[in-house]
Amino acid sequence: MNKLGTETLAVRGGIDTDTQHGAVVAPIYLSSNYTFKGYDQPREYDYARRGNPTRSVIARSLADLEGGAYGVMTSTGLSAITTVIQLLTPQDTLVIPHDCYGGSYRMFDHLARRGLFKLVVVDQNDTQALDEAIALKPKMVWIETPSNPLLRLVDVKAICEKSKAVGALVAVDNTFLTPILQRPLSLGADIVVHSCTKYINGHSDVVAGAIITKDEQLGIDLDWWANCIGVTGGAFDSYMVQRGLKTLPVRLKQHQESAGIIANYLNEHPAVTKVYYPGLSDHPQHELAKEQQFGFGAMLSFELAGDIDNVQDFIEEISLFCLAESLGGVESLIAHPATMTHAGMEESARITAGISNNLIRLSVGLETVEDLIEDLSQSLDTVLSAI
Ligand SMILES: *Cc1c(COP(=O)(O)O)cnc(C)c1O
């Protein structure tokens, strides 16, 4: 455990790394290549796909925050996941949750269909199904908690214990909570991945990813793979993520304070039939959230009363929430999973998965919370008057 607080680590990342001029902000090295000192005398960096000083600084900062030994910066969140999957061979089994991020699911599914590895999809809260999957002695178990868009949690420590017992590696997609609100390596995981596109960068202007490992050699191996398949992160993107990271702890504090207020407000509203937010005491895993997380995050979903026309009216009435995919930026977003993030799913499968036509997802931003409540209130009144 690092003695410094998370705010200190986030702010100080990159400081004192410019040995030439002492720049307070770590400089951006745009150069694609680096000279050799002389014949057969390489320097630390030679070619920017393989290594870049700006990228190394943010990778180190993220590793420190997650309590890991090694960090790898990649071009996107999905390329971080693609890099981790290189550890699998056709004989290996990968166990994934049934409700993992859609882009991850599509990639796992299509690569498994090509025979690159065997894929087992389970509801990780179904103990019997999980135990059966782990009895297959998988090479890797994938975890994503809380899930999108229903904010279901799984017990990271318990799954890690079961996985370790059969020698499986555990990888956790920690995008929704970031190391500020959840540290999977301390719960027994081997690998953490992030879409830095979301909260870590936090300003909706970069697509980037990261991998952090508990074991240094595993991190070095994944760094080798990221270069091998050509998915390492760009210098400018790395700089932007470093800049975003400095305010991550303070942003998340406000994000989740506002999310809690909005969740409570929606929970009481007659035009809302259900709210999914781990901070509500009636959330099925509220106790687990208190135990394994350092906060409840700022993503929430709810079911609107009425039918699909009411959903459309509600979304058209809203003005301070942008109708957009993605999450974790300073601006509040509203999404309708059935027609947006989960539109590719067969309707019956989607409904079975709990993603109804009336489900609405919010990424709560940093606007004045009273303004957000007022905006929701006006739109909800429109729905109430129509049903
Ligand atoms: C967005 C997201 C990803 C993919 O990240 P990109 O940066 O879009 O490639 C992976 N996992 C989760 C949970 C996400 O929200």
Side-chain angles (χ1 to χ4, degrees), residues 55 58-59 62 66 71-85 94 96-111 121 124 140 142-154 156 170-182 184 189 191-212 226 229-234 236-238 240-241 244-245 248 252 255 259 276 278 293 297-301 322 324-329 333-335 337 340-344 353 355 361-365:
R55 191 160 80 220
I58 180 65
L62 289 173
E66 284 285 5
V72 182
M73 228 21 223
T74 57
S75 55
T76 69
L78 208 50
S79 69
I81 299 170
T82 305
T83 303
V84 172
I85 291 310
L94 170 68
I96 65 163
H98 69 306
D99 52 2
C100 70
Y101 175 72
S104 310
Y105 190 94
R106 179 176 56 197
M107 189 261 291
F108 294 144
D109 182 44
H110 282 261
L111 296 186
V121 184
Q124 294 176 343
M140 188 183 292
W142 198 267
I143 295 177
E144 185 182 323
T145 177
S147 73
N148 174 34
L150 293 173
L151 287 310
R152 290 193 182 114
L153 273 68
V154 294
V156 177
V170 177
V172 179
D173 184 333
N174 201 25
T175 298
F176 266 41
L177 291 176
T178 84
I180 308 306
L181 300 181
Q182 177 167 271
I191 301 170
V192 166
V193 300
H194 284 287
S195 168
C196 301
T197 314
K198 316 294 168 52
Y199 288 104
I200 290 180
N201 178 64
H203 292 72
S204 311
D205 51 8
V206 164
V207 177
I211 308 164
I212 296 101
I229 62 175
V231 298
T232 48
F236 191 75
D237 292 349
S238 297
M240 292 290 275
V241 174
L245 183 67
L248 177 66
L252 272 174
H255 275 298
Y276 302 90
Q293 304 178 182
M299 296 301 298
L300 63 96
S301 295
C322 303
E325 296 189 2
S326 195
L327 59 109
L333 304 180
I334 187 167
M340 295 169 65
T341 50
H342 292 69
I355 303 164
R361 189 190 79 176
L362 301 180
S363 171
V364 177

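Just so you know, ligand 1 is whichever comes first in the structure, and atom 1 is the first atom listed for that ligand. Only this structure's heavy atoms are used, side chains among them; waters, hydrogens and symmetry mates stay out.
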Peer 1: For a quick check under 3.5 Å, do Glu144 and Asn174 share a side-chain donor-acceptor pair by atom type?
Peer 2: no
Peer 1: Does Ser79 offer a backbone N or O that forms a donor-acceptor pair with the side chain of Thr76 under 3.5 Å?
Peer 2: yes
Peer 1: Might you work through the side-chain contact (heavy atoms from CB on, under 4.5 Å) test for Leu62 and Cys196, ending with a clear yes or no?
Peer 2: CA-CA 10 Å; Leu62 289 173; Cys196 301; 4.1 Å; yes
Peer 1: Any protein N or O within less than 3.5 Å of an N or O in ligand 1? List each pair with its distance, or say none.
Peer 2:
from	atom 1	to	atom 2	distance (Å)
ligand 1	5 (O)	Ser195	OG	3.0
ligand 1	7 (O)	Gly77	N	2.9
ligand 1	7 (O)	Ser195	OG	2.8
ligand 1	7 (O)	Thr197	OG1	2.6
ligand 1	9 (O)	Gly77	N	3.1
ligand 1	9 (O)	Leu78	N	2.9
ligand 1	11 (N)	Asp173	OD2	2.6
ligand 1	15 (O)	Lys198	NZ	2.8

Peer 1: Go through Met107 and Ser104 one step at a time and tell me if the side-chain contact (heavy atoms from CB on, under 4.5 Å) criterion holds.
Peer 2: CA-CA 5 Å; Met107 189 261 291; Ser104 310; 5.6 Å; no
Peer 1: Testing Leu327, Leu150, Leu333, Leu151 one by one against Arg361 for a side-chain contact (heavy atoms from CB on, under 4.5 Å), which residue passes?
Peer 2: Leu327
Peer 1: With a 6.0 Å cut-off on the ring centroids, do His194 and Tyr199 count as close?
Peer 2: no
